[in-house]
Amino acid sequence: MKSNLKSFCIILSLALCSFTSPKPDLSFQAQKYVSQTLTFEGKTFIVRAYENIIYVENPVDTLYQKMNIYIPEEYFTGKKVNAYTAATAPIFFPNKVGGYMPAQPATLKETPMGMGGNRPPMNGMPPMGDRRPEGMPAMPQAKPSTVVAALAKGYVVASAGARGRTLKGSNGEYTGKAPAGIVDLKAAVRYLKFNDKLMPGDANKIISNGTSAGGAMSTLIGATGNNPDYEPYLKALGAANATDDIFAVSAYCPITNLDHADMAYEWQFNGINTYKKGWPAPAKSSDAPSVLNDEQIKASAQLKTLFPAYVNSLNLKDTKGKTLTLDAEGNGSFKDLVINYVIASAQKVLNEGKDMSGYSFLKITDNKVTALDFGAYLNYLERMKTPPAFDALDLSTGENMLFGSATIDKQHFTEFAQKNSSIEASSVDELLVKMMNPMYYLGQKNTTNAKHWRIRHGSKDKDTSLAISVILTTALQNNSIDANLEFPWDKPHSGDYDLNELFAWIDGLCK
Ligand code: DHB
């Protein structure tokens, strides 16, 4: 009798449970939309807005593991936009990840990424929306978003939220530490590919886009397609049964290759012993800089010496097949390549008619930028972070938090910081460091890398070393992947500032 009652109760609670929280249906519900009328650059158009779609069967956090999908109305009536049809329109996949924090999906209302996002401080860094070049006025709220601009181009836009480093579950355990954010975005890609037949847009033409930590995520989605390392995590989440490789990557100042970012930062900034954190107010040139202490100066020198061995170990080749190297001092053909990217950036704006006479670190003859005084350029760039810039000896950075665990908030992720830690601290599992670094996934077996990459890092961006994007681009090119890098002139840490060029690149690939 007793056991009958018990069975009855179990069955009842299971029934109630499945009634109150049914598994999200991962098939796209074409009828569940709200029509929105949008205006962009004088053009008015209608889109179907599918918002807050939970993209996994077993979500851990439904505030973030959800996606917004926007589709031009024309694709439901057999019409074309910008020469695309429902079958051929690319799917633009922007994320709003900043500072490795939890991120909501993009909506129709947001300001462009990098100019109004609600970014958290990272190692003394102000939220992204505050990080304007000196003198630049605040962006008005409610500026047309990247999403609206992309829809006007005829792209289907799908933006997924993702868990991040500060998130906690109801039991008090952390739920957004590495690799949660990238796993979420890959699960959202699987949703789109799983639903390719039910949804306008070509899921073989997914183009990810992101800035900073979001740029890093964008590179990771592109690098790690279908790699088995992520499989257990995707399985646990109940990701849709589909592949997760994508077509192309757009990344602005990706804060990536975190396990080598400290040495790259000191290779670049060693000898510059003043810094401006730029927080709480945006740094002004009139602000008095802070000065590195003796320990930081020592750490800088040690980290700098580690970088040549790393670069040399990669066996990177230039376009002529010559190996790119650095000597013990950090000089050599790899450094020349970094300098050449800065020169190319200056040349581009010079060709457009910009007065470059104020940049005394450039040598210009007959309208040609012929040389760059790298040291003087770095004085203009200015150091922003203290060594080690990412794996802080006192665990004070956002990246230390990214590499926490379910029960530990902050950990080290490099040998250098673990050895020299100023406090009692543990280190994250090596596999997780690997899973957050696209470099380890290029040209690997069981992995499908995106075929096309567009990487931008402003020439005035000091959130990470210029070397990081040069290494990534060169490694991509060496794997016969179409990768293009520019350092847009004078641009600080920001993204989506050249949407016309970005969309022209996408059209060039997809039309
Ligand atoms: C971001 C900026 C940083 O300097 C960093 O270390 C990590 C992330 C960001 O803006 O997302």
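One-based numbering along the sequence shown. All ligand and atom numbering here is 1-based and tracks the order in the structure.
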Atoms in ligand 1 with a heavy atom of [X] nearer than 4.0 Å:
X    : answer
D463 : 2 (C), 3 (C), 4 (O)
H493 : 2 (C), 9 (C), 10 (O)
E399 : 5 (C), 6 (O), 7 (C)
K385 : 3 (C), 4 (O), 5 (C), 6 (O)

Distance-only donor-acceptor pairs under 3.5 Å for side chains of residues 172-181, two or more places apart:
{"residue": "K177", "atom": "NZ", "partner": "R165", "partner atom": "O", "Å": "2.7"}
{"residue": "K177", "atom": "NZ", "partner": "M401", "partner atom": "O", "Å": "3.0"}
{"residue": "K177", "atom": "NZ", "partner": "D409", "partner atom": "O", "Å": "3.0"}
{"residue": "K177", "atom": "NZ", "partner": "D409", "partner atom": "OD1", "Å": "2.7"}

Given I506 and K205, is the side chain to side chain contact (heavy atoms under 4.5 Å, CB included) satisfied, shown in steps? CA-CA 10 Å; I506 293 174; K205 293 276 158 59; over 6 Å; no
Would [X] count as being in polar contact with ligand 1, using the rule that some N or O on each side must be under 3.5 angstrom apart?
X    : answer
Y100 : no
S212 : yes
G98  : no
G99  : yes

H260 and ring pair (Phe, Tyr, Trp, His ring centres under 6.0 Å): which partner among F416, F390, Y310? Y310
Do K193 and D245 meet the salt-bridge criterion of a basic N to acidic O distance under 4.0 Å? yes
Does the residue G398 have a heavy-atom contact with ligand 1, meaning some pair of atoms that are separated by less than 4.0 Å? no
Decide side chain to side chain contact (heavy atoms under 4.5 Å, CB included) for M217 and Y100; before the verdict, give the C-alpha distance in whole Å, the side-chain angles of both, and the deciding distance to 0.1 Å. CA-CA 9 Å; M217 290 297 185; Y100 288 104; 4.0 Å; yes
Does the plane of the ring in Y341 sit parallel, tilted or perpendicular to the ring in F487? Use 30° and 60° as the thresholds. tilted
Can you establish whether the number of heavy atoms outside E415 located under 6.0 Å from its atom CD is more than 12?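 No, because the 6.0 Å sphere around CD of E415 holds 12 heavy atoms or fewer from other groups.
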